[in-house]
Each structure stands twice: as C-alpha cells, then as structure tokens.
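Here the structure comes first, spelled out in structure tokens, and everything after it is commentary.
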There are 2 protein chains.
Amino acid sequence: MLAEIITIGDEILIGQVIDTNSAWIAEQLNLIGVKVKQISSVSDNEEHILKSLEEASKRASIIIITGGLGPTKDDITKPTLCKFFNTKLVFHEEIYRKIEERFLKMKLPALESNKKQADLPENCTIIPNFKGTASGMLFEKEGVYFISIPGVPFEMKAMMTDSVLPFIKQKFELPVIVHRTILTHGLGESFLAEKIKDWENKLPATIKLAYLPSPEHLRLRMSAYGDAERDLMDILDVEETRLKKIIPNHIFGYGKQSLQEILGKLLLNKKASISSAESCTGGNIARLITSIPGSSSYFKGSIIAYSNEIKIKLLNVNPGDIDKFGAVSEEVVTQMALGVRKVLNTDYSISTSGIAGPDGGTAEKPVGTVWIAVAGPEGVIAKKYVFSHDRDINIRRATSRALDNMRKMLLGIYVVN
Amino acid sequence: MLAEIITIGDEILIGQVIDTNSAWIAEQLNLIGVKVKQISSVSDNEEHILKSLEEASKRASIIIITGGLGPTKDDITKPTLCKFFNTKLVFHEEIYRKIEERFLKMKLPALESNKKQADLPENCTIIPNFKGTASGMLFEKEGVYFISIPGVPFEMKAMMTDSVLPFIKQKFELPVIVHRTILTHGLGESFLAEKIKDWENKLPATIKLAYLPSPEHLRLRMSAYGDAERDLMDILDVEETRLKKIIPNHIFGYGKQSLQEILGKLLLNKKASISSAESCTGGNIARLITSIPGSSSYFKGSIIAYSNEIKIKLLNVNPGDIDKFGAVSEEVVTQMALGVRKVLNTDYSISTSGIAGPDGGTAEKPVGTVWIAVAGPEGVIAKKYVFSHDRDINIRRATSRALDNMRKMLLGIYVVN
C-alpha cells in the first residue's frame with residue numbers, strides 16, 4: 001500500500017519552518033505497513049495544488065494533505081479541493097456551534113473569519129478536530145483516498161492518531177507489522193554492529209533491523225512482518241532475549257523512553273535521592289533530570305562549579321590537587337562527586353569535569369577530554385572519555401554518558417574495584 | 001527566478017530523518033531572491049526520479065538535488081542523472097587521488113566503494129567537496145540548471161555557500177535584496193503587532209516584514225527589494241531607528257545572535273561575573289550561559305536548589321519565609337538571588353522559583369507561575385510571570401525571560417524601584 005504526503009503553504013518553501021509534520025506522518029504510516037512514495041511541499045497556488053493532487057493519485061492510494069486550513073490566511077486548500085472533487089462549500093451549523101463553544105471557553109469572541117471554518121465541501125466526510133477549529137476532510141475518488149488535515153502539529157497528530165490511522169487500518173488490508181525499539185548506550189554504531197554481527201546475520205527473514213543513532217543513544221528497531229501479531233511478538237521476544245545476552249549492560253530501555261526517565265524510575269524504586277556537581281556539562285545533567293515530571297521526589301539539587309574557586313569552596317575539592325593534577329583529572333572529579341553527595345546530603349551523585357572546547361585543549365588533554373564520576377553508598381567510580389571537537393556534542397555526550405554510568409551503578413553493573 | 005529542491009533516498013520517506021536540508025536550502029535561496037516552487041522527497045527509484053526531474057524542470061530554472069551520493073548505499077542518483085542527461089560515468093584519477101589523501105589523513109585505507117565516488121558523468125561540471133568524498137555535479141539542459149550535491153548537512157552547506165549560491169548569483173540577474181533580522185524579547189506576537197502597527201503600516205512598499213516567533217524570542221525580519229544595495233541599507237537603517245524608538249527595551253540583538261551570547265558580551269564589557277540559583281528551570285539557565293565558548297571568563301557557577309532543604313542550607317533562604325509564603329514567592333526568589341550572589345561571590349545573579357507542571361498547581365498559583373529575580377550591585381528586582389501549561393515551554397520561557405531581565409539590568413533599563 002502506497003501513500004503520499006502533500007504540504008500546502010509558503011512557510012516551508014521559504015525555509016521559515018522545518019517540515020517535521022511529514023516526517024512524523026511518514027513514520028506513523030510506515031509503522032502500520034504503508035509505504036510513502038513521495039513527500040511534496042507546494043505553494044499556495046491553485047493550479048500547482050491541482051497538478052500535485054493529480055500526479056500523487058497516479059502513484060498512491062492514500063494522499064495526506066496538511067496545511068492551508070487556518071482562518072486568517074489566504075488559505076486556498078478548501079476551494080481548491082472543491083474544484084478537484086467537483087463540489088462546493090456548504091455551511092455546517094453544528095460545526096460552527098462547536099467553534100463558538102471553543103472560543104467561549106477561552107473567553108474570546110469567535111471572529112467572522114472563524115465562521116468560514118464551518119464551510120466544508122459538500123461531498124466529504126468530516127474528520128473531527130477536538131483540539132482546534134479547522135475540521136479535517138476525507139474524499140474518495142476512483143479508489144484513491146484523499147485526507148486533508150490542519151498543519152498545526154498537535155492538532156494534526158491527534159487527528160491522525162484518533163481518526164486517520166484507524167480509518168486506513170480498517171479500509172485496507174495491511175500486513176501485520178510489530179516493531180520493537182531497543183535503546184542502547186555506550187557503543188558507537190560500527191562497534192555495536194561488529195558486536196552483534198552474528199546475531200544480526202541469523203535474524204529470521206521476517207525481521208528487519210534498523211540502526212538509529214543520535215549523540216545521546218543508539219536505537220535498534222526490529223520490525224517483524226507476518227500474519228499473526230501474537231506470533232510476531234513471540235519471535236521478537238526470542239530475538240530480544242538473544243540480543244540481551246550479547247550486550248546486557250548496553251540496553252537501557254525501550255521505545256520512546258529516555259535515560260533520565262529510566263534513571264528516575266530506578267531512583268524512585270530505591271527511594272534514593274541524587275545530586276550533581278557539574279563543570280563542563282554546565283547544568284545539562286540537572287536540566288535533563290528535572291525535565292521529567294515528578295523529579296523533585298528524588299532530585300535535590302546541583303552545584304554547577306565552573307570556576308575552581310567554587311569547586312574548592314562549595315565542593316571541598318583540595319586546591320593542592322587542582323594545582324597538581326588540573327581541574328580535568330580523576331582526583332578532582334572524584335572529589336566533586338563525593339563533595340556534592342555530602343553537601344547536598346543525597347544517596348547518589350554525578351560529577352563531570354572536562355574540556356568542552358573549542359579552546360582550552362592541550363596535547364595531553366585535547367578538547368573533548370572529560371572525566372566523569374558517579375558516587376553512592378557503594379563508593380565512587382571515575383572514568384576518562386575523549387569525545388569530539390564540537391562543544392555542543394561534547395556536552396551532550398558527556399551528559400548521556402554520566403546518566404548511563406549512574407544507571408549502571410544503581411543496577412549494580414558498574415562496580416567499584 | 002524559480003527553483004525546486006528534490007531529495008533522494010528513503011530516510012526521509014520512512015520518517016527516520018527530518019528534512020532540515022531543504023529548509024536550509026530554501027532559506028538561502030529566498031535570501032538571494034530565488035523563490036522555491038516545490039520541495040519533493042522521492043524514493044530510490046529510477047523511474048520516479050526521472051519523472052520528478054522532468055516535472056520540476058517544467059516549473060523552475062534551478063533544480064537542486066540532494067542525497068544518494070554516498071559510497072556504501074545502493075545509491076542510484078549518478079546513474080539516473082546519466083540516463084536523464086544522456087551521458088555516461090567516467091573515472092577521474094585526480095578526484096580519486098584527493099579521496100585517497102583524505103583517507104590517508106584519517107589513517108584509514110580508502111575502500112573499493114570509494115573508488116566509485118571518482119566516477120562522474122562525462123558532461124557535468126564538477127562541484128568540489130572539501131569536506132567529504134562525494135563530488136557535486138552541475139548540468140545544464142534547455143536553459144535549466146541541475147545541481148546534485150550530497151545530503152550530509154555540513155558538506156551540503158559548505159558546497160552551497162562556496163559554489164552553488166555564487167554560481168546562481170552570477171548566472172542569473174537576481175533582484176537586490178537586503179535582509180535585517182531584529183531580535184525581540186518580552187512581547188507576544190499579537191501584542192508586538194499591535195504596538196508597532198503604525199510603523200508597520202507606514203513601511204515603504206519595498207520592505208516586506210515577517211514575524212518569526214519561538215518560545216525564546218520573536219524575530220522580526222525586514223527584507224528590502226530594489227536596485228542598489230547601499231540605498232536599501234539606508235532605508236533599513238531609517239526604519240530600524242524608527243522601530244527602536246517604539247520598542248527600545250525589547251530589542252536585544254540581530255541576526256543569529258542569542259540572548260546568552262548578548263548577555264556574555266555585556267558581562268565581558270563590564271568585566272563582571274554572574275551566577276544563578278535555579279529551582280524550576282533546573283539548570284537550564286546555567287546550561288545556556290555555558291553553551292557560549294569562553295563563558296568561563298564570566299560565569300562562576302550555579303546552585304540548582306530543587307529542594308527547600310538546599311535553598312535553606314546553601315542559599316541562606318529563611319525557612320520561616322518558605323513556610324509563610326511558599327517556595328514560589330517574591331520573598332524566596334529574592335533571597336535565592338541574593339544568596340547565590342553572596343555565596344558564589346559574583347557581581348550579578350539570576351534566580352527562578354516556579355511551578356513548571358504538569359502537577360503542583362493551585363488556584364492561587366497555577367501551573368506556569370514563575371517568580372524570577374535578578375540581582376547586582378544596584379540591588380534586586382523580582383517579578384512574577386504566568387506562562388503556560390506545558391512543562392517544557394514553561395522552563396524555556398522562564399529561562400529566556402530571566403536572561404533578558406539580566407540583560408536589561410546590565411543595561412540599566414530594568415531598575416530597582
């Protein structure tokens with residue numbers, strides 16, 4: 001089954017907006033077994049839109065159109081669809097009442113332009129929008145389904161999830177696909193590939209494997225194709241168990257989880273608290289830990305000790321050791337972790353000290369050198385890493401590595417010698 | 001002058017990668033006066049690519065093609081272009097030697113697949129790639145120029161900037177356009193529009209104005225169209241001066257600058273140091289300040305005081321005031337700013353205390369309520385804000401508001417009563 005995505009409007013064509021909608025829609029369609037043949041962004045021009053609809057309908061059976069449905073713009077999607085489907089706009093009293101109710105709730109008057117949003121093509125099936133004022137529309141023409149929805153991301157996503165994807169699944173006989181995304185940390189793409197090569201080569205033909213890298217982690221997605229969901233789940237369970245035996249300590253979660261979320265759950269389970277003492281990561285560890293709702297139950301605080309003065313004064317780092325070994329050293333990062341754990345009175349603590357760049361590197365300690373320590377009741381472990389030349393990437397990689405080392409300490413798989 | 005952008009490959013069509021390249025290319029083209037008619041992502045299929053090239057060349061005079069030039073993939077861009085332009089691949093010894101040199105520098109052997117990268121269509125002009133191994137190609141067919149470049153963002157950007165954009169500017173008679181992007185903070189889109197309405201209405205017809213909002217700031221971009229660059233600059237100067245008189249305190253910078261960069265410059269000029277005491281922003285202020293290279297010259301550190309215990313112990317907040325007024329209060333945020341300034345011994349300090357959400361709100365202090373204080377030798381100023389329901393947006397908006405308040409204190413335009 002093939003689909004196409006067409007976005008209408010100038011924002012993308014002038015480079016003002018990055019088209020994240022199409023990527024999201026494409027991913028959702030692929031997950032239910034619909035392949036996307038083409039994604040097109042076209043201008044607010046009737047002739048151009050008509051041509052694109054015509055072309056797309058020759059290649060695919062499902063055409064998803066986003067954008068051009070707002071109340072204020074010179075939006076031409078609806079009249080153009082009327083022309084394409086040889087129909088006219090009719091006013092829907094009940095839809096206008098819902099738009100008015102929505103404005104009433106926000107204590108605002110509905111504008112005249114909002115009245116136009118209740119005008120919809122006569123021969124379409126209306127797709128309800130519970131998060132906004134622009135309805136979606138479904139048309140059928142010669143076996144091809146055309147779906148027009150707003151471009152506002154949270155409205156679009158809700159309508160896709162609640163109406164469009166269920167409709168497609170019911171209308172078409174799609175292959176059964178089950179996906180499992182396994183989150184790994186600590187091995188680069190080529191190292192991981194080398195390590196799991198035998199397992200990957202022996203995967204049954206029904207499973208396709210994708211490597212999805214980012215500076216924070218590497219996701220492995222297994223997609224199993226077949227007839228019965230239950231069987232596919234069983235096959236994935238078997239393969240996942242095999243994979244876990246090969247890289248037991250590198251797998252930290254599944255699906256859309258994050259390291260900071262997994263870490264939070266481990267701390268909640270242990271009823272343990274945490275703090276951080278950050279130099280080169282500059283608060284990024286604290287920021288990620290506190291990005292999780294409810295993190296105040298386990299995160300007490302952090303000391304961002306950028307200057308040596310603060311390392312000495314607040315974290316009780318020995319000034320002699322800074323002189324002797326430098327701020328980026330095993331001695332200092334260890335004392336930082338122990339210091340913050342004691343001062344903030346937490347069960348666990350994380351510390352970082354490194355050279356983020358672009359300047360400040362030496363032959364012995366080049367840009368990208370970062371010492372990371374984790375401490376807990378079981379003791380303290382410090383390790384040195386050398387990341388990249390890029391300041392932003394160094395901060396991100398040091399942060400995720402620090403979170404993962406803490407995760408492993410909590411699980412008892414990163415142990416004090 | 002019209003252009004089209006075609007991306008080739010499956011990553012975008014399966015939603016694995018968001019097409020940031022096309023947005024960047026579209027923006028660059030628009031900035032030199034070339035309009036983009038359509039952006040298309042097409043699959044790795046010869047017939048499909050040929051059809052897209054054919055269609056695009058009917059609508060535009062410049063076709064930019066990205067992707068499908070890597071060494072390892074089943075990349076079909078080059079053979080397909082050969083078919084389209086009725087030519088064949090020929091091996092370029094001197095290009096292969098450059099590929100080998102590149103590998104030698106990385107102390108790696110060039111692979112057999114890299115040899116294929118020196119095969120290029122006979123009738124194209126080669127566009128050099130100084131950052132990678134895949135050359136770009138320029139073709140001309142019936143007055144339409146086709147440019148094929150790699151999809152790796154930093155290679156693509158360098159080739160566009162160094163070769164493609166200069167070529168287009170030289171080849172076509174483009175209108176002279178001068179852009180000026182003015183960065184504002186503190187006024188929402190509709191409030192700002194209301195405030196500058198008269199100025200906007202009186203703008204000369206040669207100037208187009210765009211509002212570019214984000215949670216952190218609102219960019220106003222003036223684009224002036226005409227014949228002589230010098231004249232356009234003068235017109236923009238006049239309008240900018242007028243605008244500055246209307247919103248003098250809301251303009252913080254220009255172009256690609258950020259609040260944290262501007263703040264850093266102000267601190268460097270004053271030879272002043274800064275610290276932060278963060279509750280609801282959880283380290284995000286420190287993270288942004290330290291994202292600027294060289295920030296260690298003015299940023300000493302921060303205390304992330306998520307728990308009340310830390311606010312009392314490390315920042316000397318009065319426990320009685322926490323009981324009486326709550327942690328999210330003028331009293332507490334003021335004491336936090338004064339506390340961190342004293343403890344970390346800095347000239348200036350920023351503090352935040354709020355309810356980021358999604359839980360923890362009350363009728364009196366709903367989710368999104370944030371107190372922000374800034375302190376310096378001139379005293380301390382605290383102010384309450386109510387942002388949104390979204391945790392992430394609340395943290396981002398509180399952070400940028402805190403940075404902007406500090407900027408204004410440093411400039412003497414946010415003053416202690």
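Numbered from 1 within each chain, the chains take letters A, B, ... in sequence-line order. Quick note: numbers below take in every heavy atom, side chains included, and nothing from hydrogens, waters or symmetry partners.
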**Asked** With respect to A:Ile303, which candidate in B:Ile304, B:Leu344, B:Leu314 satisfies the side chain to side chain contact (heavy atoms under 4.5 Å, CB included) definition?
**Response** B:Leu314
**Item:** Residue A:Ile12 versus chain B: region with a heavy atom under 4.5 Å
**Value:** both
**Asked** If you round to the nearest 0.5 Å, how far is CZ of B:Arg59 from CG of A:Asn45?
**Response** 10.5 Å
**Request:** Locate the shortest heavy-atom distance separating A:Asp19 from B:Ile18; write the atom from each residue and the value.
**Result:** O-CG2, 4.2 Å
**Message:** Counting heavy-atom pairs closer than 4.5 Å to chain A, which one of B:Asn345, B:Ile310, B:Thr20, B:Val42 comes out on top?
**Reply:** B:Ile310
**Request:** Quick one: pull up CD1 in A:Ile274 and OH in B:Tyr306 and give me the separation to the nearest 0.5 Å.
**Result:** 13.5 Å
**Prompt:** Using a cut-off of under 4.5 Å for heavy-atom pairs, which of A:Ser41, A:Ser22, A:Ala356 has the most such pairs with chain B?
**Reply:** A:Ser41
**Message:** Is B:Glu55 close to chain A through its backbone or its side chain, or both, or neither, when contacts mean heavy atoms under 4.5 Å?
**Reply:** side chain
**Item:** Structural part of B:Asn284 lying under 4.5 Å from a heavy atom of chain A
**Value:** both
**Prompt:** If only atom types and distance count, is the side chain of A:Asn30 paired as donor or acceptor with the main-chain N or O of B:Leu13 below 3.5 Å?
**Reply:** yes
**Request:** Enter the distance from B:Thr7:OG1 to A:Gln38:CD here, rounded to the nearest 0.5 Å.
**Result:** 9.0 Å
**Prompt:** Are any of the side-chain heavy atoms of B:Arg287 and A:Ile395 separated by less than 4.5 Å?
**Reply:** no
**Proximity breakdown for B:Ser43 and chain A, heavy-atom pairs closer than 4.5 Å** = both
**Prompt:** Non-hydrogen atoms of chain B under 4.5 Å away: do they reach the side chain of A:Ser291, the backbone, both or neither?
**Reply:** backbone
**Request:** Please state whether the side chain, the backbone, both or neither of B:Val17 comes within less than 4.5 Å of a heavy atom of chain A.
**Result:** backbone
**Prompt:** Can you pull out the residues in residues 46-54 of chain B with any heavy atom less than 4.5 Å from chain A?
**Reply:** B:His48, B:Lys51, B:Ser52
**Complete:** Note: vs chain B, highest number of non-hydrogen pairs under 4.5 angstrom among A:Ser302, A:Gly283, A:Ala286, A:Ala23 is A:Ser302
**Request:** Identify the two heavy atoms, one from B:Gly15 and one from A:Ala26, that lie closest to each other, and give their separation to 0.1 Å.
**Result:** N-CB, 3.8 Å
**Request:** Using non-hydrogen atoms and a 4.5 Å limit, figure out which bit of B:Ile8 sits close to chain A: side chain, backbone, both or neither.
**Result:** neither
**Asked** Quick one: what part of B:Glu309 sits under 4.5 Å from any heavy atom of chain A, side chain, backbone, both or neither?
**Response** side chain
**Message:** Counting heavy-atom pairs closer than 4.5 Å to chain A, which one of B:Val343, B:Leu29, B:Asp359 comes out on top?
**Reply:** B:Val343
**Asked** Between B:Asn308 and chain A, which part of the residue has a heavy atom less than 4.5 Å away: side chain, backbone, both or neither?
**Response** neither
**Request:** For each of A:Glu27, A:Lys313, A:Arg391, A:Gln16, tally heavy-atom pairs with chain B at distances under 4.5 Å, and name the one with the top tally.
**Result:** A:Arg391
